[in-house]
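When reading the values below, keep in mind they use all heavy atoms of this one structure, side chains included, and skip hydrogens, waters and symmetry mates.
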Amino acid sequence: MTFLYFKLAIVGIFGGCAMIAGGHEMYWQGAVAILVGVGALCLGIRNLRDSDPITPEAVARDPAGPYTAEDFPCPDPTPGGKQHNGAYSGWLDPAPAGDEVAFAVVVPKESSGESELKAIGEQLQDWQSAHDLVRRILGIEQLVRGEFPETPADLFWLPIPPFTEKVALVYVAPAANSEQTGASLSQALDGLSVAMVVSPAYYSHINR
């Protein structure tokens, strides 16, 4: 994605300059192309800045391997987990906002039908009712109606479009941001048409 931004920046900036220099009443189109190119350049630089560094051990390792999980920066997939791999610095971890923090992403299977989606929604309602520290669940209304949930893609730092992800996002109080809460949620959804229940940081990482 970073290289795509840089390619777009090159095309936009140089293409815009060429349109302006060539005249033919294309000045405003050229200006727009340059602005798009500058924006893409900024996004590319931000991605490079925010990327986790490769560990020195991975650089020194024989390219033929063998490799371990510690060679690849990756956030803990467990909701509430803090056992990150490699040089992951935690930049994708959602920060608490007020009295809540994004805690878990519930991903229904793509093959889920109406009754299966309803079962997920109803089980999430029961689980939320049994845990006072669960603040809200984005997408639960759609699930209860038998529809795929929708959560804004920008909450996961994902490029858009698409503007929504077909997942539910669970928010809990900071005090409940633990592996025990994550295990309780996974157990509550066990046996339902759920592809995975993962931390928001891990979901963002695998979809970037």
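Side-chain contact check for Q125 versus I140: some heavy-atom pair is nearer than 4.5 Å. For the pair L155/L138, a side-chain contact is recorded, criterion being any heavy-atom separation below 4.5 Å from C-beta on. Residues Q123 and L189 form a side-chain contact, since some pair of their non-hydrogen atoms from C-beta on lies under 4.5 Å apart.
Nearest heavy atoms, P96 versus P174: CB-CG, 4.1 Å. Among all heavy-atom pairs drawn from V144 and E122, the shortest one is CG2-N, 4.4 Å. In terms of heavy atoms, G80 sits closest to N177 at CA-OD1, 3.4 Å. Of all non-hydrogen atoms in R136 and Q128, the two that sit nearest each other are CA-NE2, 3.7 Å.
One finds the CG atom of N207 at 16.0 Å from the CH2 atom of W157 (value rounded to the nearest 0.5 Å). Atoms OG1 and CZ, on T151 and F156 in that order, are 5.0 Å from each other to the nearest 0.5 Å. Note that NZ of K109 and CD of E116 are 8.0 Å apart. Values are rounded to the nearest 0.5 Å.
The closest donor-acceptor contact from the side chain of H205 to the backbone of C74 lies at 3.5 Å or more, if one exists at all. Side-chain atoms of S204 never come within 3.5 Å of backbone atoms of L92 as a donor-acceptor pair (strictly under, hydrogens ignored). Distance alone, capped at 3.5 Å, places no donor-acceptor pair between the R135 side chain and the V101 backbone. In terms of modelled atom types and a separation under 3.5 Å, the side chain of E150 and the main chain of G139 share no donor-acceptor contact.
No single ILVMFWY cluster, assembled from side-chain heavy atoms under 4.5 Å apart, contains both V172 and V105. Linking ILVMFWY residues whenever their side-chain heavy atoms come closer than 4.5 Å, directly or via other members, places L124 and L192 in the same cluster.
Residues satisfying the side chain to side chain contact (heavy atoms under 4.5 Å, CB included) test with P108, not counting sequence neighbours, are S112, L117, I120, L143, F148, P149. The side-chain hydrogen bond (donor to acceptor under 3.5 Å, both in side chains) check on S184 picks up W127, H131, with sequence neighbours excluded.
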Can you list, pair by pair, the side-chain donor-acceptor contacts under 3.5 Å of residues 158-171, counting residues two or more places apart and other chains?
from : atom 1 : to   : atom 2 : distance (Å)
E165 : OE1    : Y203 : OH     : 2.5

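Between D76 and K82 there is no salt bridge, since none of the side-chain N atoms of the basic residue sits less than 4.0 Å from a carboxylate O of the acidic one.
Around CD of Q187, the count of heavy atoms belonging to other residues, nucleotides or ligands within 6.0 Å does not exceed 12.
Side-chain N/O atoms of Y88 and D93 include a donor and acceptor closer than 3.5 Å.
Of the candidates D190, V197, V134, V197 is the only one forming a side chain to side chain contact (heavy atoms under 4.5 Å, CB included) with L185.
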